[in-house]
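The next block holds one structure in the form of structure tokens; read it before the comments.
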Amino acid sequence: MTIPRLPVGDVFAEIVDYLRVTWNGLFAVIRNTIEFLVSWTERGISFMPFWVFAIIIALIAYKRSGKGLAIFSLLGILFIQTLDLWAATQSTLALIVTATAIALAFGVPLGILSAKIKPVNTVLRPILDLMQTMPAFVYLIPAVLFFRIGAVPAVISTIIFSMPPVIRLTDLGIRQVPAELIEAGEAFGSLWHQMLFKIQLPLAMPTIMAGINQCIMLSLSMVVIASMIGAGGLGSVVLTGVQGLRVGMAFEGGLAVVVIAIILDRLTQGKTSKNASKI
Amino acid sequence: MSKLVVRNLYKVFGFNPKLGVRLIKEGKGKDEILKETGMTVGMSDVNFEVHEGETFVIMGLSGSGKSTVIRCLNRLIKPTAGQVILDGQELTSMKKRQLIGVRRTAMSMVFQNFALLPNRTVLANTEYGLEVQKISPAKRKAKALEALALVGLEGYEDSYPDQLSGGMKQRVGLARALANDPEVLLMDEAFSALDPLIRSDMQDELIDLQHKMKKTIIFITHDLDEAIKLGDRIMLMKDGKVIQIGKPEEILANPADEYVERFVQSVDRSGLLTAADIMSKPWTTANINKNPLVALSECKKYGLENILVTKEGRILCGAVSASALQQAVHEGKPTLHGITKEDEVERIAPDTNIKQIIESTLQSSVPVAVVDDTGKLMGVIIKSSILRTMIPGRGNGHDDT
């Protein structure tokens, strides 16, 4: 006797088909919204010449972290410009900023709910595991089916991949607030939102910032993969290089990604460590 | 009048607390209930009343239910059965909104581990209770500064809690509670996390503050020494039950049962001690030839009702009361001759067994004087020096104040 094969794959394909046809309207709305966000973010960045952007980043870096990072940012962006990759970097930044913003907009509230309501946590956990471990290529295709080729499916798959740490670390940060502080909040007559905004969130902030940092890093690691479904930017530079066996071009694209990664990481981490020492 | 009344309060932790209460009423013990049902009895049938302006100490070892009791008073824990009544208002049946109102204005809490918000300055921490009431920033800042001044923390407004020592942190905790100007102050092992010297200072300051504020204080401790020092009345708890309620001296003199007796007895070494062992140096004495104004200012400085009067060679002449001094100053008398009462003071020899003088010391407001056979003043014995000898771990009772 043979055990019958479960038609998991077929069912999944069916579901995707069903959703695509039935919920087409909803997907169109999502598509338009994200497209709008990405294009406006990109316009916002490309509106200024690269050196203005470099100076702004350097100033933020100086404020958050110090002289070292400010100089590194300045030189890094100059370096990217000399490689003639500034335009590609703009598209990549637009993708990351949009994806991170959306991931935070959903991730932080979900993390709060998960910390406060136990069933939410129970339901979310396996979903988060799935989001983090499912190979990206698996949902790349459905993303294209739902949202067509281009920046939108790239943003969607980036969100899927990078949102879990935001949710997890927000949840963790809120849970880690000492019970005595919660008691104190209650003893002084805090309402639930006062408890959340005056006690829980401020105290969870270092942990949440770590989540944001992780989110940005994971988004960056998705750019190359996302370029396979037509997202432009540094990813497509690397992809073109690899496909054409142009080793130098791929390396340059890769270097630019690393520079951006280091700047963004230090920018978000600088804040984290400063806050952590205060706690 | 009773400020706070607690009637038949029960708390059972577990899957079916009501069942737990029923089992207690059937006469089952804490251990039995835990074994049979897995439920923990937090407290059973707790009854007490706290008077306006009184410092009421709830004392017990860990697991005695004292923390559960205090948390039921502001309903951080909801009791399973029974009533908590504040000024005639029943807190136990209150709606959430009303309860929040009570917590904001009528009752404030001070926590064992301070529970300060690490991301806020001392000032912002102190303002917290006012901030949640949406009091205007200017007003709450003024109130918070006032409270900080009261606990002696002027100048630290902009510090962060982790820049402060334990004692200072707890001052912030106290200031935060006082800023709301509550009628009732709940202090949950407020000084237990502090090291002994700081703790002793904080106790003294609380006593001073209480003199000025006249709040109703409910103070939790596991330390009998602290309970005796601070409490107008003490409630002893064990296994979630009230064992005894009474004034410190009542509890020391008439322990209600073996448990209390063990507490008190292990500390009662008074039979072995003599007056010389426990006497303290008099804080201050007045010279009989000096102007009454000098003696009066000394009285005021140390908050004394009576001051001992000596002549050359520290020979004891007697005592004079602050009111008599006031009178003398008024009448312009040049010295203390004539107003010093010789027989106001009980004189004892240094080798007197202190058991013989406990009664008189505890009752009189004039210190008992220890004099040698030439009549020279060697030391004084006051209420606290007697009580101290009854506490373990106090060396031979030498008073160091």
Side-chain angles (χ1 to χ4, degrees), chain A residues 63-65 104 108 111-112 115-119 122 169-213 268-279, chain B residues 67 70-71 73-78 94 96-121 124-135 140 159-163 169 172-173 176-180 182 184-189 193:
Chain A
K63 214 157 173 229
R64 287 267 161 112
S65 161
L104 291 184
V108 173
I112 293 169
K116 291 216 163 194
I117 307 168
K118 198 152 188 277
T122 317
L169 287 166
T170 304
D171 177 357
L172 178 72
I174 287 179
R175 275 173 208 275
Q176 273 176 340
V177 175
E180 217 188 22
L181 288 176
I182 304 295
E183 267 197 334
E186 275 185 31
F188 284 96
S190 312
L191 301 167
W192 73 267
H193 63 268
Q194 291 172 327
M195 185 76 94
L196 182 65
F197 290 109
K198 289 180 193 291
I199 296 182
Q200 288 173 315
L201 279 182
L203 287 175
M205 216 48 209
T207 318
I208 295 175
M209 279 310 287
I212 295 174
N213 174 269
T268 43
Q269 222 173 44
K271 182 80 173 168
T272 312
S273 53
K274 231 188 236 164
N275 260 18
S277 71
K278 217 196 263 173
I279 301 283
Chain B
S67 298
I70 202 170
R71 279 170 175 68
L73 299 184
N74 62 355
R75 261 186 56 187
L76 287 181
I77 295 177
K78 194 168 171 25
M94 246 179 208
K96 187 98 194 168
R97 271 278 165 177
Q98 263 180 304
L99 185 67
I100 282 176
V102 169
R103 286 175 180 168
R104 284 177 172 183
T105 55
M107 279 186 173
S108 286
M109 197 161 183
V110 182
F111 293 84
Q112 176 169 9
N113 295 309
F114 324 128
L116 301 177
L117 296 166
N119 57 324
R120 286 172 171 242
T121 60
N125 262 294
T126 311
E127 281 180 10
Y128 185 82
L130 303 164
E131 191 181 318
V132 294
Q133 295 178 51
K134 304 216 166 70
I135 288 171
R140 70 184 186 226
S159 305
Y160 283 90
D162 67 353
Q163 297 168 322
K169 280 184 199 164
V172 181
R176 175 175 63 181
L178 292 176
N180 282 9
V184 178
L185 205 54
L186 306 173
M187 304 187 72
D188 178 26
E189 301 239 19

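Numbers restart at 1 for each chain; the letters A, B, ... are given by sequence-line order, proteins then strands.
Within the model, atoms CD1 of B:I77 and CD of A:E186 stand 10.5 Å from one another, a figure rounded to the nearest 0.5 Å.
When all heavy atoms are compared, the tightest approach of B:M109 to A:F188 is O-CZ, 3.7 Å. What you find for B:L117 and A:L181 is that their closest heavy atoms are CD2-CD2, 4.0 Å. Residues A:A187 and B:F111 come closest through the heavy atom pair CB-CZ, 3.9 Å.
Using a 4.5 Å cut-off between heavy atoms, B:L116 contacts chain A through its backbone alone, with no side-chain atom that close. With a 4.5 angstrom heavy-atom cutoff, B:Q163 does not touch chain A via any of its atoms. Both the backbone and the side chain of B:N113 come within contact range of chain A, with heavy atoms under 4.5 Å apart.
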* Asked: Please walk me through it: do B:V132 and A:L191 pass side-chain contact (heavy atoms from CB on, under 4.5 Å)?
  -> CA-CA 8 Å; B:V132 294; A:L191 301 167; over 6 Å; no
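Side-chain atoms of A:K198 and B:R120, non-hydrogen and from C-beta on, do get closer than 4.5 Å to each other. By the 4.5 Å heavy-atom criterion applied to side chains, A:Q194 and B:Q133 are not counted as neighbours.
At least one donor-acceptor pair closer than 3.5 Å links the side chain of B:R104 to the backbone N or O of A:G189. Between the side chain of A:E183 and the main chain of B:L76, no donor-acceptor pair closer than 3.5 Å is present.
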